[in-house]
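The structure displayed is predicted, hence computed values, not measured ones. The chains referred to below are lettered A, B, ... by the order of the sequence lines, with proteins before strands, and numbering in each begins at 1.
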Protein chains: 2
Amino acid sequence: MCPREGPRFGFMEPRLDTQTGYLLVKLGALAGARFDGVLAPLGLRGRHVRVIEEMRGASHSQQELCQATGLDRTTMVAVLDDLEQRGYARRSRSTADRRKHVVTLTGAGERAFKEAARALADAQEAFLAPLSAGERDQLRDLVERLRTTTG
Amino acid sequence: MCPREGPRFGFMEPRLDTQTGYLLVKLGALAGARFDGVLAPLGLRGRHVRVIEEMRGASHSQQELCQATGLDRTTMVAVLDDLEQRGYARRSRSTADRRKHVVTLTGAGERAFKEAARALADAQEAFLAPLSAGERDQLRDLVERLRTTTG
DNA sequence: CTCTGATTATCAGTAGAGCTGATTATCAGC
DNA sequence: GCTGATAATCAGCTCTACTGATAATCAGAG
């Protein structure tokens with residue numbers, strides 16, 4: 001018995017767009033659009049950056065990249081086509097298991113990632129600018145806890 | 001003591017998926033999927049609920065509904081087709097301006113909205129369950145401020 | 001009144017994302 | 001050498017959101 005957020009007054013329902021859940025959905029979409037926006041001039045999209053990041057340091061099969069990024073296998077084919085065409089990645093047959101492709105990052109790919117990461121960090125900085133440093137830490141903590149526990 | 005965010009150490013770049021912005025995008029998508037999930041059994045989607053909410057109390061032209069909800073005009077046509085077919089809304093020509101449709105909510109539409117709002121409130125409750133009441137208030141405050149200032 | 005330009009709702013067509021299923025090549029076990 | 005499973009790929013489907021065109025209507029100038 002703790003009618004905290006809901007129909008507290010009976011005769012008056014809260015508007016959807018004042019609810020935390022709705023705000024989260026909208027804010028997430030907004031942030032996503034911003035990030036896509038800063039990546040667009042680099043000819044990249046979020047998924048490319050995620051895949052490149054996963055490739056850094058070690059080589060992976062496409063299957064492993066799908067596992068790590070949550071992308072569909074057919075989407076991964078397209079993403080790697082893009083990256084390969086730009087010279088950011090290379091596919092080669094695995095000698096151990098010739099069904100697999102070993103996907104490796106090139107120097108250009110590494111540089112592109114650094115540039116993208118910098119652009120994303122700047123965009124994030126701008127996005128979170130209305131909050132103080134302490135509030136950003138709070139937000140990050142809350143969001144991360146929600147994501148790891150309910151997600 | 002929380003050295004978990006930015007490139008504070010120089011030699012080590014933070015992973016994208018530990019960044020607040022990325023987490024926000026993912027969490028928003030997750031929440032959206034949850035909400036779509038609870039609306040699906042009712043034969044509705046988020047946009048339908050938003051449009052219905054906007055129609056409550058007053059009648060609107062489709063153009064005004066687009067303005068209020070941010071939906072595209074052609075999408076609005078489809079949404080109203082759905083609502084009309086289910087008996088939740090009615091279109092009629094405006095007598096003042098015969099180009100316009102006056103869209104009104106039916107009793108069934110009102111009942112459907114209440115049911116949907118209840119389902120959404122429950123889903124939100126479950127989604128935010130990992131947080132204490134105070135933390136939810138914090139989160140709501142932070143998210144709302146971000147949305148109103150940077151959005 | 002008539003002509004012009006804007007506005008409302010609608011529809012048709014387009015482009016992209018994300019998926020399923022089929023295909024080819026390869027592997028591992030028997 | 002079979003058999004079944006797996007990796008990458010391709011073709012095709014669906015769904016969404018948009019652009020552009022269209023018919024009806026309005027508002028204003030002359």
Side-chain angles (χ1 to χ4, degrees), chain A residues 25-26 28-30 32-37 39-40 43-52 54-55 58-85 88-105, chain B residues 25-26 28-30 32-33 35-37 39-40 43-51 54-55 58-85 88-105:
Chain A
V25 173
K26 284 300 175 187
L30 186 61
R34 293 282 173 86
F35 295 151
D36 280 353
L39 291 181
L44 296 174
R45 320 213 12 203
R47 62 181 67 170
H48 295 112
V49 180
R50 267 186 296 150
V51 169
I52 293 183
E54 209 55 44
M55 288 166 38
S59 300
H60 298 271
S61 73
Q62 297 183 199
Q63 204 61 224
E64 289 164 341
L65 288 175
C66 289
Q67 193 80 16
T69 60
L71 291 179
D72 185 76
R73 68 203 145 92
T74 61
T75 306
M76 184 60 69
V77 171
V79 169
L80 291 179
D81 284 348
D82 294 343
L83 294 180
E84 217 172 14
Q85 188 191 345
Y88 294 165
R90 247 192 312 270
R91 276 187 266 219
S92 56
R93 285 279 165 202
S94 162
T95 53
D97 183 342
R98 294 185 42 75
R99 292 171 301 181
K100 296 186 182 179
H101 278 166
V102 174
V103 187
T104 54
L105 193 64
Chain B
V25 174
K26 284 301 176 188
L30 185 62
F35 295 150
D36 279 354
L39 290 181
L44 296 174
R45 318 210 14 200
R47 64 182 68 162
H48 295 110
V49 180
R50 267 187 295 150
V51 170
E54 208 56 41
M55 288 167 35
S59 301
H60 298 271
S61 73
Q62 297 184 199
Q63 204 62 226
E64 290 163 343
L65 289 175
C66 289
Q67 191 80 17
T69 60
L71 292 180
D72 186 76
R73 68 204 144 89
T74 61
T75 306
M76 183 62 67
V77 171
V79 169
L80 291 179
D81 284 348
D82 294 343
L83 294 180
E84 217 172 15
Q85 188 191 347
Y88 294 166
R90 247 191 310 270
R91 276 188 264 220
S92 56
R93 286 279 164 202
S94 164
T95 52
D97 184 342
R98 294 186 43 75
R99 291 172 301 181
K100 297 185 182 179
H101 276 164
V102 174
V103 187
T104 54
L105 193 62

Other residues, nucleotides, ligands: >12 heavy atoms within 6.0 Å of A:Arg91 CZ: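 Yes - once you tally the heavy atoms of other residues, nucleotides and ligands closer than 6.0 Å, there are more than 12.
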Expected output: side-chain [X] to main-chain [Y] donor-acceptor under 3.5 Å:
| X | Y | result |
| --- | --- | --- |
| B:His60 | B:Glu54 | yes |
| B:Arg93 | B:Arg99 | yes |
| B:Thr75 | B:Leu71 | no |

When the distance from [atom1] of [X] to [atom2] of [N] is rounded to whole Å, what number comes out?
| X | N | atom1 | atom2 | result |
| --- | --- | --- | --- | --- |
| B:Asp72 | C:dA15 | CG | C1' | 15 Å |
| A:Asp36 | D:dA17 | CG | P | 15 Å |
| A:Arg98 | D:dA8 | CZ | C1' | 13 Å |
| B:His48 | D:dT16 | NE2 | C1' | 13 Å |

Protein proximity profile, nucleotides 7-14 of chain C - base contact B, sugar-phosphate-only contact S, no contact -, cut-off 4.0 Å on heavy atoms: BSSBB---
Gap between atom CD of B:Glu64 and atom CE of B:Met76 - 0.5 Å precision: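 Rounded to the nearest 0.5 Å, the CE-CD separation comes to 11.0 Å.
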Nearest-0.5 Å distance that lies between atom CG in A:Asp82 and atom OH in A:Tyr88: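 These two atoms lie 11.0 Å from each other.
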Dot-bracket pairing map - DNA chain C, Watson-Crick plus G-U, both contacts under 3.5 Å, | cross-strand: ||||||||||||||||||||||||||||||
Residue pair A:Arg90 / A:Thr104, side-chain heavy-atom distance below 4.5 Å: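 A:Arg90 reaches A:Thr104 side chain to side chain.
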Closest contact, heavy atoms only, A:Arg47 versus A:Val79: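 Minimum heavy-atom separation between A:Arg47 and A:Val79: CD-CG2, 3.4 Å.
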